[in-house]
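A note on names: the letters A, B, ... follow the listed sequences, proteins ahead of strands, and every chain is numbered from 1.
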There are 2 protein chains.
Amino acid sequence: MEASRKDLAFRTREGLIHVSRKPPEIDEEDESEFLAHYQGEEYPRPSVAVDLVILTIVDVDLKVLLVRRSEHPFKGVRALPGGFVRVGDSSKNQGEDLDAAAARVLSEKTGLPSRSLYLEQLYTFGKANRDPRMRVISVAYYALVRPDLVPFVEARQMVENGSPRAVWLSFSQTGSEPLAFDHSEILKTAVKRISGKIDYTDIAFELVPATFTIGELRSVHEVIKGTAYDPGNFRRRFQRMLADRIIEKAPGKRLTVSRPAAVFRFRRP
Amino acid sequence: MEASRKDLAFRTREGLIHVSRKPPEIDEEDESEFLAHYQGEEYPRPSVAVDLVILTIVDVDLKVLLVRRSEHPFKGVRALPGGFVRVGDSSKNQGEDLDAAAARVLSEKTGLPSRSLYLEQLYTFGKANRDPRMRVISVAYYALVRPDLVPFVEARQMVENGSPRAVWLSFSQTGSEPLAFDHSEILKTAVKRISGKIDYTDIAFELVPATFTIGELRSVHEVIKGTAYDPGNFRRRFQRMLADRIIEKAPGKRLTVSRPAAVFRFRRP
DNA sequence: TAAATAGTGTCTATGAGACATTATGTA
DNA sequence: TACATAATGTCTCATAGACACTATTTA
């Protein structure tokens, strides 16, 4: 490949780089032509889906809510719950917000009002051929379900027929049983994100019951980070939150196998 | 609103929550009907665009690369560079990857090979009516251009005609001159993300020349965080990076208005 | 020489982590 | 009584920040 005399080249950390002073003609034509036609709706559009990583922690075990696919491809394989974003058919009626689509799927699958759960956009997965049928771009969200709400989610799954529509599966088991599409990657991305955020945000409180002990909160951190924390040191970290009024004492004590523990409540900001 | 006798209700931090044991019939029908038809391509799809926040720091000033819109809506208003994701017309040919679309737009607008720049997905903006013409879901990316590459970007803008196609605007000026669509929000989100990541990642090295002084690196941090750092303390932080072999000494010295400074180089992992 | 920035050193406060000790329940 | 976990205390080390001081250049 030879650069024309008017071209620029410079050496960088990535090696020699050529900069053409004229943008390549074919690119320009391509782009403007593409845009012109695109507005005219001649070019194909992708489907856009939302996929949800719905997580909880029960009995010191991270669990994710999964469905089993009833259609090809990946028929019979577990997958993240998801749905297509509903798009209107005119400029006046453009359909539902992206966040609303995620909240809708979350409510559908859990039976809980989405405003009672923590829901946040995770990442958008858009490789070509990630769905063999057609081009699907998936905006992934993750949601956290407090363990005291889990029974309500399970109750919802048992109503329609004998086989549950969605089940909680241990995150540790999802390694040996791959998910449909690129959902294993999405799941891993979600856990990684939470693991990164738990140290400097309040999301840990979305994974304990409304009232909780320091030990319960600690085990949430331990499950997410995959490491053990010194109980005494963790307690000190916690007491700073108490001083900062992020949490407050709740009445009563939690009875355990040993000495009863004080219970606390998160002061939602 | 009255709950049926079989419904469950429970009190949470968010108030009283009702859980219907049976999923609402109308929802279920809606969903399955929707999905069935969707696969048949009867339902409308959104357009998916990538919008890029391309940033650099020149003369202790954070700048963003903006274009001026030549079409309605927002004709004549500044906007982030962007483009539609190219989607194929069959299941075999599904078009370009989402990341590839972002890299393509980045190359088109800067004239630089995208692999020589830092590019990362930011967030997906999908509110209905964010584009008045039609439903557009925008996957935003941000890119960082080292200041020693800026002249090449500017050279590219001058070729086609007299008026540049894209210009660097000071971030501080974008507050008084709102951008098209929700691009002001996207821009703010990008700067916030960078501000959060600069403390625990290596992205600061994407905003200094290939070789740089400690003072130059410090002023990048100061511009991004909007605060002043103590030169001595910052230097110590930096020396740990030197010990950890994240950076290394480069030959020569940078001549300044005062005492010349040692120059360093980032050891790309 | 004055101004400016590079570069070094010192002191303090804070938080993380290792580890020991006491307190209070259950089996 | 043995065991388990709650709750407290102590010590060390790493880091952030305030601040003083020296070094080396240009104007």
Side-chain angles (χ1 to χ4, degrees), chain A residues 57 59-60 195-202 204 208-209 211-265, chain B residues 57 59-61 147 195-202 204 208-209 211-265:
Chain A
I57 294 180
D59 295 336
V60 202
S195 175
K197 287 192 81 164
I198 199 171
D199 289 321
Y200 65 99
T201 67
D202 294 331
V208 288
T211 63
F212 54 88
T213 69
I214 301 182
E216 287 164 1
L217 186 68
R218 173 164 52 86
S219 76
V220 163
H221 277 81
E222 290 178 335
V223 167
I224 294 293
K225 303 292 275 189
T227 59
Y229 288 101
D230 180 274
N233 295 337
F234 187 88
R235 178 175 299 272
R236 240 189 339 215
R237 226 169 113 183
F238 184 82
Q239 271 155 352
R240 277 190 288 274
M241 287 194 260
L242 200 57
D244 297 344
R245 311 259 301 149
I246 294 169
I247 49 174
E248 62 189 5
K249 266 208 73 139
K253 284 200 172 285
R254 179 86 84 242
L255 299 180
T256 71
V257 64
S258 67
R259 177 176 172 177
V263 292
F264 299 85
R265 195 194 342 263
Chain B
I57 295 180
D59 296 335
V60 202
D61 189 29
S195 175
K197 287 193 82 165
I198 199 172
D199 289 321
Y200 65 97
T201 68
D202 294 331
V208 288
T211 63
F212 53 89
T213 68
I214 302 183
E216 287 164 1
L217 187 67
R218 172 163 53 86
S219 77
V220 164
H221 278 81
E222 290 177 336
V223 166
I224 294 294
K225 304 291 277 189
T227 57
Y229 288 100
D230 179 275
N233 295 337
F234 187 89
R235 176 176 299 272
R236 235 184 347 206
R237 226 169 113 183
F238 184 82
Q239 271 157 348
R240 275 189 289 275
M241 286 193 261
L242 200 57
D244 296 344
R245 313 258 301 149
I246 296 169
I247 51 176
E248 63 189 4
K249 267 209 74 138
K253 284 199 172 287
R254 180 86 85 245
L255 299 180
T256 71
V257 65
S258 65
R259 176 177 173 177
V263 293
F264 298 86
R265 194 193 343 261

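- Computed from coordinates, the Asp230(B) CG to dT12(C) P distance equals 17 Å when rounded to whole Å.
- In this structure, Tyr229(B) atom OH and dT15(D) atom C1' are separated by 14 Å, rounded to whole Å.
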For nucleotides 24-27 of chain C, give me every protein contact, N/O to N/O, under 3.5 Å, one pair per line with atom names.
{"from": "dT24(C)", "atom 1": "O4'", "to": "Arg259(A)", "atom 2": "NE", "distance (Å)": "3.3"}
{"from": "dT26(C)", "atom 1": "O4'", "to": "Val257(A)", "atom 2": "O", "distance (Å)": "3.0"}

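- What you find for Glu216(A) and Val208(A) is that their closest heavy atoms are O-CG1, 4.1 Å.
- From Ile224(A), atom CD1 reaches atom NZ of Lys197(A) across 13.0 Å, with rounding to the nearest 0.5 Å.
- In terms of heavy-atom proximity, Ala262(A) sits nearest to Lys249(A) at CB-NZ, 3.7 Å.
- Within 6.0 Å of the CG atom in Asp244(A), the count of heavy atoms belonging to other residues, nucleotides or ligands exceeds 12.
- Comment: Arg237(A) engages Asp199(A) in a salt bridge, judged by a side-chain N to carboxylate O separation of less than 4.0 angstrom.
- By the 4.5 Å heavy-atom criterion applied to side chains, Arg254(A) and Thr211(A) are counted as neighbours.
- Near-neighbour residues of DNA chain D inside residues 231-250 of chain A, defined by a heavy atom below 4.0 Å, number-ordered: Gly232(A), Arg235(A), Arg236(A), Gln239(A).
- Nearest heavy atoms, Glu248(A) versus Leu242(A): CA-CD1, 3.9 Å.
- Rounded to an integer number of Å, the gap from CD of Glu222(B) to P of dG17(D) is 12 Å.
- Arg254(A) comes within contact range of no nucleotide atom at all, as no heavy-atom separation falls under 4.0 Å.
- Rounded to whole Å, atom C1' of dA16(D) lies 14 Å from atom NE2 of His221(B).
- Relative ring orientation between Phe212(B) and Phe264(B) is described as tilted, the plane-to-plane angle lying within the 30° to 60° band.
- Atom pair Glu216(B):CD and dT5(C):P shows a separation of 13 Å (rounding to whole Å applied).
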